[in-house]
*Asks:* 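First the structure, then my questions, so here it is.
Note that the numbering runs from 1 along the sequence shown for the chain. When a ligand or atom number is given, it counts from 1 through the structure's own listing order. Any value given below was found using the heavy atoms of this structure, including those in side chains, with hydrogens, waters and symmetry copies removed.
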Amino acid sequence: MNIKRNILLNPGPSTTTDTVKMAQVVPDICPREKEFAGLMKGLRNDLLKVAHAPADQYTAVLFCGSGTINIDICINSLLPENKKVLVVNNGAYNSRAVEVCQMYHLPYIDLKSSVFEQPDLADVERTLQENPDVAMVYCCHHETGTGVLNPIREIGALAHKYGAIFVSDTTSSLGMIPVDVVKDNIDFCMASAQKGLMAMSGLSYIIGREDIIRASKNYPTRSYYTNLYLQYEYFEKTGEMHFTPPVQTIYATIQALKEYFAEGEDAKFARHRRVYEAIHHGVDKLGLETVIDRKIESGLVVSVKYPDDPNWSFEKVHDYCYEHGFTIYPGKISTSNTFRLCALGAIDEPDIIAFFEVFEQALDQFSIKHL
Ligand SMILES: *Cc1c(COP(=O)(O)O)cnc(C)c1O
């Protein structure tokens with residue numbers, strides 16, 4: 001089968017290989033068969049390896065849903081009674097965690113800081129000193145809205161110093177930037193299959209400390225479908241998801257993990273870096289500006305300022321690129337007009353070079369000035 005190859009420069013879902021796409025085409029199977037439980041066991045073990053999580057301390061719990069389900073689950077399931085969440089918030093994805101706290105009427109502190117900067121560690125420490133009832137510190141690793149990489153190892157260390165657990169949203173970094181849950185002081189991290197692993201959407205997973213999940217059995221329950229302990233317990237008892245899993249996405253993810261280990265963590269990291277450098281090179285060559293200091297960029301998302309030209313139209317340029325097989329994505333910074341070019345997925349430097357040829361044609365087509 002010949003499948004058209006689109007280059008997705010949006011922050012996920014990402015471009016996949018044909019072998020991952022085709023891995024979904026399997027004979028029909030009821031996911032309650034032992035054979036399927038066996039597949040999920042291997043998958044959960046492999047996910048631990050991606051995060052360098054020791055299997056005697058950490059477990060991987062699977063859920064059917066997009067990546068946001070993990071944020072919901074961690075926050076609603078892991079907060080003891082009369083305790084607070086501290087969200088170290090420098091962007092849209094951390095704000096999503098704040099919204100989850102609000103939705104469940106949980107006590108929280110929204111420690112907001114500039115979306116253009118990394119959070120200030122002294123502020124985090126002072127907040128922890130002043131609020132001994134904080135039981136969970138939450139911070140997104142890679143703020144996908146801007147491209148800023150946050151110092152999670154240091155934030156995790158502060159959480160532990162003050163007796164709190166550390167939950168990090170690693171949805172747009174795990175499998176692309178090396179993450180080591182032990183060294184990075186992470187008690188819980190999370191991702192979904194369509195981002196770093198370059199599989200399909202619909203499967204999300206939380207990698208976390210088993211002792212804390214067990215302790216959470218006695219915490220107040222705030223959700224039925226998205227309770228971490230319930231899903232963990234069901235996996236322990238049966239090897240299965242409590243409710244219907246995303247069957248075909250699981251087959252794709254198993255294939256994607258094979259390809260992940262075959263490429264290797266370091267080589268994959270280097271490939272994403274190459275793509276990122278090629279994006280910056282193309283942006284510079286056209287005389288466009290980016291908004292985040294490269295020193296704090298993740299190397300996975302580049303936020304580009306709209307060209308200062310009345311002819312600029314994101315929609316028109318997007319549509320032109322889309323027709324030519326490339327997808328660009330709007331920005332997520334309320335104070336600045338940006339679009340994003342991302343280095344996720346099964347792509348490499350030549351794809352970015354090809355993209356900038358098309359992008360330049362688009363600028364010329366609509367008489368938008370550039371270098
Ligand atoms: C993509 C992403 C999510 C999940 O978004 P969904 O649309 O629910 O898949 C969560 N956090 C971060 C940092 C992300 O990049």
Side-chain angles (χ1 to χ4, degrees), residues 8-16 47 50-51 61-76 85 87-101 103 113 115 118-119 136-152 155-156 166-177 179 184 186 188-208 223 225-226 228 246 249-250 252-253 256 272 276 292 296-303 327-333 338-345:
L8 301 183
L9 302 177
N10 47 297
S14 56
T15 300
T16 58
L47 291 173
V50 172
V61 187
L62 311 179
F63 288 89
C64 183
S66 81
T68 304
I69 200 170
N70 294 326
I71 305 176
D72 186 320
I73 292 160
C74 283
I75 289 180
N76 91 61
V85 182
V87 181
V88 180
N89 181 358
N90 63 337
Y93 286 92
N94 279 311
S95 293
R96 196 169 289 179
V98 170
E99 286 165 15
V100 171
C101 292
M103 212 49 121
S113 59
V115 301
Q118 291 179 326
M136 179 196 303
V137 175
Y138 181 102
C139 186
C140 184
H141 185 204
H142 166 213
E143 246 303 344
T144 326
T146 51
V148 171
L149 193 69
N150 285 330
I152 51 167
I155 295 169
F166 181 50
V167 178
S168 184
D169 174 357
T170 53
T171 312
S172 61
S173 54
L174 192 64
M176 294 179 281
I177 298 173
V179 169
D184 289 329
I186 294 171
F188 291 87
C189 67
M190 58 186 80
S192 52
Q194 86 272 16
K195 294 215 176 173
L197 295 182
M198 315 189 310
M200 300 297 158
S201 48
L203 176 70
S204 292
Y205 41 91
I206 293 169
I207 296 166
S223 168
Y225 197 74
T226 62
L228 182 56
T249 298
I250 285 174
T253 309
H272 290 299
Y276 164 78
I292 303 297
I296 60 166
E297 259 182 351
S298 63
L300 296 166
V301 168
V302 179
S303 293
T327 298
I328 63 173
Y329 205 66
K332 228 180 186 157
I333 305 173
T338 56
F339 65 96
R340 282 177 285 174
L341 299 175
C342 307
L344 283 67

*Asks:* Using a 3.5 Å distance criterion without hydrogens, assess whether the side chain of N94 forms a donor-acceptor pair with backbone atoms of A97.
*Replies:*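 No: the side chain of N94 does not pair with the backbone of A97.
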
*Asks:* Ignoring angles and geometry beyond distance, decide whether T68 reaches within less than 3.5 Å of ligand 1 through its nitrogen or oxygen atoms.
*Replies:*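 So ligand 1 has an N or O lying under 3.5 Å from an N or O of T68.
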
*Asks:* R340 side chain to T144 main-chain N or O, any donor-acceptor pair under 3.5 Å?
*Replies:*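 Present.
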
*Asks:* So which protein heavy atom does atom 14 (C) of ligand 1 come closest to, and at what separation?
*Replies:*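 Scanning the protein heavy atoms, the shortest distance from atom 14 (C) of ligand 1 goes to K195 NZ, 3.0 Å.
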
*Asks:* With only distance considered, is H142 within less than 3.5 Å of ligand 1 through an N or O on each side?
*Replies:*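 N/O-N/O distance under 3.5 Å: no.
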
*Asks:* Between T146 and V301, is there a side-chain heavy-atom distance shorter than 4.5 Å?
*Replies:*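 They are not in side-chain contact.
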
*Asks:* Any idea which atoms of ligand 1 are less than 4.0 Å away from a heavy-atom of Q194?
*Replies:*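 With Q194 as reference, the close atoms of ligand 1 come out as 9 (O).
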
*Asks:* Can you check whether I155 reaches P119 side chain to side chain, under 4.5 Å on heavy atoms?
*Replies:*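 In short, these two side chains touch, coming nearer than 4.5 Å.
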
*Asks:* In the structure I gave you, are the side-chain heavy atoms of C74 and M190 within less than 4.5 Å of one another anywhere?
*Replies:*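 Yes, close enough: below the 4.5 Å cut-off.
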
*Asks:* Above 12 or not: heavy atoms from other molecules or residues under 6.0 Å from OH of Y329?
*Replies:*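 No, not enclosed.
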
*Asks:* Could you find the nearest protein heavy atom to atom 12 (C) of ligand 1 and give me its residue, atom name and distance?
*Replies:*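 The answer is Y93 CD2, 3.3 Å.
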
*Asks:* Do H141 and S168 meet the criterion of a side-chain donor-acceptor pair at a distance under 3.5 Å?
*Replies:*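 Distance-only check fails for H141 and S168.
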
*Asks:* Should the proximity of T144 to ligand 1, defined as any heavy atom under 4.0 Å, be assigned to the side chain, the backbone, both, or neither?
*Replies:*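 Side chain only.
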
*Asks:* Run the contact test for M190 against ligand 1 with a 4.0 Å cut-off on heavy atoms, strictly below, and give the result.
*Replies:*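 Judged by the 4.0 Å heavy-atom criterion, M190 does not count as contacting ligand 1.
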
*Asks:* What's the shortest distance from atom 11 (N) of ligand 1 to any protein heavy atom, and which residue and atom give it?
*Replies:*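 Nearest protein contact, heavy atoms only, for atom 11 (N) of ligand 1 is D169 OD2, 2.6 Å.
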
*Asks:* Would you kindly specify which portion of E143 sits under 4.0 Å from ligand 1, judged on non-hydrogen atoms: side chain, backbone, both or neither?
*Replies:*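 E143 to ligand 1: no contact under 4.0 Å from either part.
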
*Asks:* Which of the numbered atoms in ligand 1 are under 4.0 angstrom from any heavy atom belonging to S66?
*Replies:*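 That gives atoms 6 (P), 8 (O), 9 (O) of ligand 1.
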
*Asks:* Using a 4.0 Å cut-off to any heavy atom of S172, which atoms of ligand 1 qualify?
*Replies:*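 Heavy-atom distances to S172 below 4.0 Å select 13 (C), 15 (O).
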
*Asks:* What is the nearest protein non-hydrogen atom to atom 9 (O) of ligand 1, stated with its residue, atom name and distance?
*Replies:*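 Among all protein heavy atoms, the one nearest atom 9 (O) of ligand 1 is G67 N, 3.0 Å.
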
*Asks:* Please state whether H141 comes within less than 4.0 angstrom of ligand 1, counting heavy atoms only.
*Replies:*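 Contact absent.
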
*Asks:* With a 4.0 Å cut-off on heavy atoms, is C140 in contact with ligand 1?
*Replies:*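 Yes, that is the case, since the closest heavy atom of the residue is under 4.0 Å from the ligand.
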
*Asks:* Using only heavy-atom distances, determine whether the side chains of T338 and S303 contain a donor-acceptor pair under 3.5 Å.
*Replies:*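 Per modelled atom types, T338 and S303 side chains form no pair under 3.5 Å.
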
*Asks:* For N70 and T171, test the side chains for any donor-to-acceptor distance below 3.5 angstrom and give the result as yes or no.
*Replies:*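 No, no side-chain donor-acceptor contact under 3.5 Å.
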
